[in-house]
Amino acid sequence: MSDASCSLIEDTELLAYADGELDARQAADIRRHLADCPECELRLRHLRASLEDFTWRIEEDKRRVSPPRPWQNLKPEFNRVDRELAARLPRAAPRTHRWLAVAATVLVAVIIYQFSRENSVSAAELLDKAAQTGAPTEPGRRIRMKTRQNVFVRPAKLTATTPQHAANDSSFTHIKALFEQARFSWEDPLSARAFAEWRNHLGEKSDEVTVLGSGNQLAERQYRIRTTTPEGALAEASLTLRANDLRPLQETLRFRNNEWVVIAEAEPAGDMPSRQMEPLPPIAASREDISQESVEETPAGADEELHVIAALNRIGADLGEPLEVRREEAERRILVTGIGIDPARQKQILGSVAGIPGVSVHFEDPHPVESPPIESAPAPVAAGPESPLHDLLKEKLGAGRPAGQFVDQVLALSDSALSRAHALYSLSERFPSEIERAFEPHDRSLLASIRLQHHRALLSTAHQLERELDTLLSGAVRERAPPVRCGTWQQCAAGLLRTTQELDETLNLALAGTQPEPTEQLTSKLGETLERWLQAVRASGMSSP
Amino acid sequence: MDEARIVSLHAQVEQLYEDARQDIYYYLLTFGIDPGQAQDLSQETFLRLYMVLREGQQIRNERAWIFRVAHNLGLNARASQKKVRPIGTDFEVPLPVAAENPERNLLEAERRSLLDRAIRELSPQQRQCLLLRVEGLRYQEIAGIVGISISTVAEFLRRAVSKLKRVAHE
């Protein structure tokens, strides 16, 4: 081995060596080679560093994710099992009884789980509960209402005694009229009650409840309820509630005439004497004021982020490259960070975002002596006699094409589909529909062009993958999956990612796994997953509402 | 089974439960199931171990055994779940950065965020194989748990590490 050229030691072998998986003779060979070959020695160090990074991060994350409830004491369960066994053993009771007990335990667990899940996703219940418990009552509470042209600060709740002089301003009345038209409470708009009253009178509507944040503390999490409807003046409303006390924090209302209002709690009016609790006159904001405001909160500020993503997309740097784009709201800048990118590519990246205001680019080079490893083609995987579909593959492919080549090609296509699905998902997370709708038309088209580019690439991969798998699945009965229905492309993207992961998993298990499942079962599962995936891919190209 | 043996079994499984329940819970979360259900299934895993030991079965490597049971429970739960959250959506909340050296910590946070992205982009099997490796299991045991061949385990690990390598520091 010591004479062997470095290319003969594959990463798999080095990794197995690092993991102590080689037998003594193989390990000694590698050790000898490493002593003579600084290049392989460096590769090994990098492998180890990556594994250490991963281990460190997993252990850190593991400490962070505590389960939702305290751990149950298992002792009473052990005692129960013991009692059942003691009662049953002398009579040599059938084994099924014990498993019935397990089944009962699982059933209870499932019922509890489903109960909690139902609760967690029902918008109506959440609103009901929030209206009862989460209504803030402090008298000095104020809200800030931001519209396309204006920013108002006013008391959160208007009463009959609240002075109304500000209502004479024309822009103020314009918004107020929209609220009235939509039958959305103008008196107390940032409240679960107002949201629920509006929602309750809708005939056709669709709800979505999202949990934001995943910290251990309930106080760090929020619920966002989003309701969309084809009825009335208000097309979409979303309300964010703090999870621990269901206090309403922010609300976005999107009217059908493209007007929008973002309502949030204003700074505490602690220094404001209570007698001044009157609506402040609307701020006749100059364009400058608005743009300053807009950096602080949704929906603006996202447009620069979109321009950065578009610029990176033009040079193909948005697909799995070690680049991170983050909007730093406090600093009012978009930060692009890259690690381990070679100097020529750094120049390209810098050039691509030059000219976009407020962008900072930062590169870090952990391995200056080594160019980043690029996998041109994945190493052949185990598709030999171990593959559950090996016989079928041989039969269908014939003598002209080795099974290994087929497996590599299919898994490479699946990898490429995964990276596109990830790109679309990440786009949907960055630019949820409320942000997308607030974009200027040219930015909306820019966003559409990026996602449609991913969609077209996915369609092409889907086409190739379907053609490859047709060879394998010809003769198998395949039912077309029902079309995927999702309200927005953002929702489609989450479904697409999930289905792509399922397909990747099924392909890996069928082509490179050792599951003892019968061939027929495997091909039918593969066919079913493929069909569902194809529908998800088609849906991912839907146009924005 | 005599009383002393039963008492010793209680202690043995309780100890393992104490040591490994968080690992099992964390592993079950990789199936994209609800945290509450993942916790129920973690407890179920140890109860099953106890039942099997009470039946007098010998288990050579209990740690590998519980991961295998958890894996199967996780697969079943995911299959019966109507709405599965996309796998790999955790690692999204940046952890608080200590304040002593803001400049260095900022770099650290950025590197972590890149690492998190690399982890999110691993396929479910790559991630599970890596995770099981972190749990100290051998390739053969991982293969038995995930239901793939040993050479596939090696290949999944290689692909995963090659993705992570791009952000690794020395």
Side-chain angles (χ1 to χ4, degrees), chain A residues 11-12 15-16 21 45-47 49-51 53-55 57-58 61-62 65 67-69 71-72 74-75 77-78 81-82 85 98 105-106 109 113 116-117 213-215 320 322 324 337 339-340 364 366 372-373 375 381-382 386 418 422 425 494 497-498 501 504-505 508-509 512-515, chain B residues 6 10 14 17 21-22 25-26 29 34-37 39-40 43-44 46-48 50-51 54 84 86-87 90-93 95 107 110-117 119 121 123-125 130-131 133-134 138-139 147-149 151-152 154-155 157-159 161-162 164-170:
Chain A
D11 273 359
T12 325
L15 194 58
E21 290 282 339
R45 267 200 287 140
H46 287 165
L47 278 177
S50 310
L51 287 168
D53 267 357
F54 180 79
T55 308
R57 189 66 183 97
I58 290 296
D61 201 48
K62 211 190 277 177
V65 291
R69 299 178 304 275
W71 286 103
Q72 188 190 338
L74 287 189
K75 189 105 179 167
E77 294 297 313
F78 294 165
V81 173
D82 294 339
L85 283 173
R98 232 159 318 163
T105 315
V106 173
Y113 158 65
S116 61
R117 201 158 63 105
S214 54
E324 183 75 12
T337 316
I339 286 187
E364 215 187 319
E375 280 179 89
V381 298
E386 290 159 325
L418 256 182
H422 261 293
Y425 179 70
L497 176 61
R498 177 165 37 88
Q501 285 171 335
D504 185 62
E505 185 172 347
N508 273 290
L509 291 181
T514 48
Q515 279 195 328
Chain B
I6 292 175
H10 279 202
E14 268 175 356
Y17 177 61
R21 63 192 179 196
Q22 183 68 14
Y25 170 68
Y26 191 78
L29 288 179
D34 173 271
Q37 195 185 19
Q39 186 176 16
D40 290 341
Q43 289 165 175
E44 172 68 17
F46 290 91
L47 195 56
R48 286 197 182 193
Y50 179 69
M51 293 177 86
R54 272 294 264 118
V84 183
I87 297 171
D90 44 353
F91 291 104
E92 277 176 3
V93 177
L95 294 160
L107 285 180
E110 281 164 8
R111 191 166 75 83
R112 175 155 50 195
S113 132
L114 288 178
L115 177 63
D116 288 359
R117 201 179 81 175
I119 295 176
E121 289 182 2
S123 78
Q125 296 107 324
L130 261 183
L131 202 52
R133 185 202 158 277
V134 169
R138 311 301 305 244
Y139 288 9
I148 54 181
S149 68
S151 51
T152 312
E155 177 58 23
L157 287 174
R158 183 194 69 79
R159 282 181 185 222
V161 173
S162 127
L164 297 176
K165 210 159 69 167
R166 296 179 198 168
V167 290
H169 274 215
E170 283 187 300

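Letters A, B, ... mirror the listed sequences (proteins, then strands); counts begin at 1. Since the structure is predicted, the reported quantities are computational estimates derived from the model, not experimental observations.
Remark: A:I58 CD1 to B:I119 CD1 distance equals 5.0 Å, nearest 0.5 Å. Atoms CD and CG, on B:E155 and A:L15 in that order, are 10.5 Å from each other to the nearest 0.5 Å. To the nearest 0.5 Å, atom CD of residue A:E77 and atom NE2 of residue B:H10 are 11.0 Å apart. Rounded to the nearest 0.5 angstrom, B:L131 CG and A:F54 CZ are separated by 5.5 Å. The distance from atom CD1 of B:I6 to atom CG of A:D82, rounded to the nearest 0.5 Å, is 5.0 Å. With rounding to the nearest 0.5 Å, the separation of NZ in A:K62 from CG in B:L29 is 11.0 Å.
Between chain A and the residues B:E14, B:Q39, B:Q125, the largest count of heavy-atom pairs under 4.5 Å involves B:Q39. Taking A:L51, A:D504, A:L47 one by one and counting their heavy-atom pairs under 4.5 Å with chain B, the maximum is reached by A:L51.
Side-chain atoms of B:Q43 never come within 3.5 Å of backbone atoms of A:L74 as a donor-acceptor pair (strictly under, hydrogens ignored). Looking only at distances, no side-chain donor or acceptor of B:E121 sits under 3.5 Å from a matching main-chain atom of A:H422. Side-chain atoms of A:Q501 do not come within 3.5 Å of backbone N or O of B:P124 as any donor-acceptor pair. Judged by distance alone, the side chain of B:Q22 and the main-chain N or O of A:V65 form a donor-acceptor pair under 3.5 Å.
The side-chain heavy atoms of A:R69 and B:D40, taken from C-beta on, include a pair separated by under 4.5 Å.
Here the shortest heavy-atom pairing between B:Y25 and A:P68 reads OH-CD, 3.6 Å. Of all heavy-atom pairs spanning A:S50 and B:K165, the tightest one is OG-CA, 3.2 Å.
With a 4.5 Å cut-off on non-hydrogen atoms, B:L157 touches chain A through its backbone and its side chain both.
Note on ring orientation: taking the six-membered ring where Trp is involved, the planes of B:Y17 and A:W71 are perpendicular (angle over 60°, cut-offs 30° and 60°).
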